Amino acid sequence: MGHSRLSLMWGCNNNLDAYFCSLAFASIEILIDRRVYSVNNNLRNEKIRNIAIIAHVDHGKTTLVDAMFRQSGLFRPGLEVDERIMDSMDLERERGITIAAKNCSVRWNGVKINIIDTPGHSDFGGEVERALSMADGAILLVDASEGPLPQTRFVLKKTFEKGLKVVVVINKIDRKDARPEQILDEIYDLFIDLDAGGEQLDFPYLYAVGRQGIAKKNLAENRDNLHLLFEIIIDEIPAPEYDPGEPFQMLVSDLGYSDYLGRLAIGKIFNQNARFNDAMVCINDKEEHLPLKISKLQVYDGMNLKEVETAEPGDIVVLSGIEDVKIGDTICTKEFPKPLKRITVDEPTISMEFTINTSPLSGKEGRIVQSGKIRERLIKETLKNVAVRLEQTGDRDRFIVKGRGEFQMAILIETMRREGFELSVGRPKVIYKHLNGTMLEPIETLFVDCDEHFLGVVTEKLSIRKGRLTNLVNNQSGRVRAEFSIPSRSLIGYRDEFLTDTKGTGIMNTIFAGYEPFRGDFPTRFTGSIVSDRQGNSVAYALYHLEPRGRLFIVPGEPVYAGMIIGEHNKGVDIHANPSKEKKLSNMRAAGKDESTVCSPVQPMTLEKAINFIKDDEIVEVTPKSIRLHKRVISLKKRNNKNGLN
């Protein structure tokens with residue numbers, strides 16, 4: 001019993017009631033042979049640690065995981081490895097953010113550490129919920145200059161709700177503007193704001209430079225590795241707990257697909273062992289028992305999967321052998337079917353309309369245009385992403401998709417676009433609630449960091465959008481931090497305007513604050529649209545003469561059609577124009593005159609800009625090659641009849 005440790009809470013006074021006595025005796029635990037025995041007969045698998053790495057966007061999560069890979073011996077010395085290995089999706093690499101939670105593992109001193117890399121954006125909160133359901137502890141990564149930002153608060157709150165142990169790592173201490181001591185104080189303040197308990201407030205912390213693979217306890221220390229981080233993970237993060245008296249239970253936290261094995265169920269084993277060829281049942285949300293046989297059992301080994309015959313409790317495994325499985329289902333034995341608590345996520349706050357492409361150019365650029373295929377793809381997304389919900393409508397070509405934010409929706413649309421889909425999407429709309437006859441709307445807490453002389457225009461724009469200033473901090477450094485309480489609908493389309501107002505130097509972040517009574521209407525856009533009145537190809541001569549009317553979205557030679565939005569009108573009304581108009585030819589010559597028709601450069605239309613720009617009577621046409629905007633009603637005559645303008 002070289003590892004024996006006796007932690008006994010004796011001495012309950014007679015005047016202590018039964019409740020406090022039970023709490024005292026419940027903490028009795030004896031550590032023997034690297035396993036913890038407690039009064040309720042639960043054991044801990046000391047050979048495994050499951051940790052989630054949580055942080056705000058761009059605070060260095062994925063870079064730190066890269067360094068952990070290298071120093072744990074996962075790669076041989078001298079091997080060239082790409083940066084940000086965990087960001088495997090093309091969109092993640094392009095945008096420099098983590099979108100989907102992913103698993104991997106490293107080994108240190110005989111202990112397997114399963115690492116779950118989580119997204120830092122609140123729109124992907126469903127991914128965070130999934131990741132935390134597999135974790136027994138978390139590493140909170142905070143930038144040494146920026147400090148804990150809104151998404152840090154969002155993810156940390158979820159971690160506290162799960163009761164997980166937190167290790168704090170203050171990253172990027174090599175930045176010129178790093179202020180690690182003040183950041184540590186801000187982290188303590190954040191923990192207190194989130195009602196952390198006494199044990200959670202006594203968190204271990206390290207200072208790190210993730211890119212260089214350095215972690216140290218004190219700023220004055222000279223270290224060149226992450227050994228201290230590995231040791232703290234093993235010492236401070238509790239090993240996964242299981243009850244030897246309970247039957248086999250596994251919670252499905254993620255789904256995968258293999259062309260050879262079919263649907264894959266990914267999750268953490270809560271009790272007992274899993275073995276190859278075992279007969280199991282899957283308990284779904286309707287409490288139906290679906291039979292399955294484990295045709296292949298795999299565990300994470302570095303970035304890859306390794307096939308095994310048996311898996312221990314507490315490990316994260318990948319099972320194949322069942323087709324009809326969803327996130328949140330429980331896989332258990334036939335003899336003792338006992339479901340675990342399902343994964344719950346916050347309610348969606350945004351809805352968007354998805355339809356088939358109805359423009360005259362439909363089917364010319366994409367491979368998949370049928371409504372049935374779009375429906376299948378959206379159903380597949382709801383299976384993999386618990387935060388996305390799909391609603392059918394009376395029209396078989398029209399679907400309502402609900403999610404956590406317009407950024408999440410934009411990522412889904414961009415992914416479908418790259419898969420070859422053609423579709424049309426409408427403007428995002430917030431989801432209202434009704435309570436006792438009062439309409440409630442989702443409210444966000446908006447955090448703005450900008451130069452001091454931009455604060456006036458930002459505050460003015462936000463007040464028009466029903467925002468209320470709740471806090472203002474000026475550190476006399478030239479920049480200010482302001483907090484606003486603002487309706488979610490006010491932020492749709494505001495980000496681009498904010499960057500323009502702050503000359504690209506402003507930073508804005510949001511976090512969902514709850515529902516409040518409806519704050520009233522406000523103008524969403526002060527400009528109109530320049531709409532094409534006929535089909536053809538745009539001509540430089542016509543576009544050159546349209547430039548004084550507003551900002552154009554197209555360049556010469558692009559195909560256009562009636563009802564297509566080709567630009568933004570300076571005034572608040574729509575105008576109709578002919579972008580195909582050519583210069584009338586005559587027998588009068590003017591040498592070199594036509595060469596002066598040079599159009600101004602056009603900023604390429606992105607999916608986010610298009611979604612934010614459109615009004616309720618407009619729609620975005622999305623194809624693998626193009627993003628176009630058009631009126632919902634293509635025909636000008638029908639639009640006029642609808643608006644009473646005959």
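Keep in mind that what you see is a predicted model, and the values were worked out from it rather than measured. When reading the values below, keep in mind they use all heavy atoms of this one structure, side chains included, and skip hydrogens, waters and symmetry mates.
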Minimum-distance pair of heavy atoms, taken over all atoms of I294 and F276: O-CD1, 3.8 Å
Minimum side-chain heavy-atom gap V317-M250 below 4.5 Å: yes
side-chain contact (heavy atoms from CB on, under 4.5 Å) between E608 and I611, worked out: CA-CA 5 Å; E608 286 95 330; I611 291 172; 5.9 Å; no
Sub-4.5 Å side-chain heavy-atom contact between I233 and I139: yes
Side-chain atoms of residues 213-220: list all donor-acceptor pairs with protein atoms under 3.5 Å, sequence neighbours left out, distances to 0.1 Å.
unit_1	atom_1	unit_2	atom_2	d
K216	NZ	L219	O	3.4
K216	NZ	E221	O	3.1
K217	NZ	Y205	O	3.2

Heavy-atom pair of closest approach, residues I431 and P348: CD1-O, 3.6 Å
Test item: Y494 and I486 side chains (from C-beta on) under 4.5 Å apart, heavy atoms: no
L297 side, atom CG; L319 side, atom CG - distance, nearest 0.5 Å: 6.0 Å
Donor-acceptor under 3.5 Å (Q272 side chain, P313 main chain): no
Expected output: side-chain T470 to main-chain E483 donor-acceptor under 3.5 Å: yes
K162, NZ atom: more than 12 neighbouring heavy atoms under 6.0 Å: yes
Donor-acceptor side-chain pairing of T349 and S488 below 3.5 angstrom: no
pair V166-Q200: side-chain heavy atoms closer than 4.5 Å: no
Heavy-atom side-chain contact between D329 and R342 under 4.5 Å: yes
Inter-residue atom distance I411.CD1 - L607.CG, 0.5 Å rounding: 8.5 Å
Within 6.0 angstrom of K165 NZ, more than 12 heavy atoms from elsewhere: yes
Nearest-0.5 Å distance that lies between atom CD1 in I507 and atom OG1 in T502: 9.0 Å
Backbone N/O of N273 and side chain of E312: donor-acceptor pair under 3.5 Å: no
Separation between CD1 of I316 and CG of L251, rounded to the nearest 0.5 Å: 11.0 Å
P148 to V142 - nearest heavy-atom pair and separation: N-CG1, 3.5 Å
Shortest non-hydrogen contact between F248 and A274, atoms and distance: CE1-CB, 3.5 Å
Side chain T510, main chain T445, donor-acceptor under 3.5 Å: no
Verdict with reasoning, N284 to K326, per side-chain contact (heavy atoms from CB on, under 4.5 Å): CA-CA 7 Å; N284 61 19; K326 298 178 181 177; 5.9 Å; no
Chi angles and distances behind the side-chain contact (heavy atoms from CB on, under 4.5 Å) call for F191, L140: CA-CA 11 Å; F191 274 54; L140 173 64; 3.9 Å; yes
Heavy-atom pair with the smallest gap, counting every atom of N45 and A239: O-CB, 3.2 Å
Short side-chain to backbone donor-acceptor contact, T63 and G210, under 3.5 Å: no
Those residues that, when tested against F230, pass ring-ring contact (aromatic ring centres under 6.0 Å, His included) (two or more places apart): W108
Closest contact, heavy atoms only, A208 versus V169: CB-CG1, 3.5 Å
D315 and N114 side chains, donor-acceptor separation under 3.5 Å: yes
Short side-chain donor-acceptor distance under 3.5 Å, D243 and N271: no
Point-to-point distance, once rounded to the nearest 0.5 Å, from CE of M508 to CG of L499: 8.0 Å
Heavy-atom side-chain proximity of I116 to Y300 below 4.5 angstrom: no
Test side-chain contact (heavy atoms from CB on, under 4.5 Å) applied to D449 and N509, step by step: CA-CA 9 Å; D449 185 334; N509 294 284; over 6 Å; no
Side-chain heavy-atom pair I170, I187 within 4.5 angstrom cut-off: yes
Partner residues of R175 under the side-chain contact (heavy atoms from CB on, under 4.5 Å) criterion, sequence neighbours left out: D143, S145, E146, K172, D177, A178
Salt bridge K268-D136, side-chain N to carboxylate O under 4.0 Å: yes
Nearest-0.5 Å distance that lies between atom CD1 in I115 and atom CZ in R49: 13.5 Å
Geometric class of the Y515/F512 ring pair [parallel <30°, tilted 30-60°, perpendicular >60°]: perpendicular
Any side-chain heavy-atom pair of P204 and V168 under 4.5 Å: no
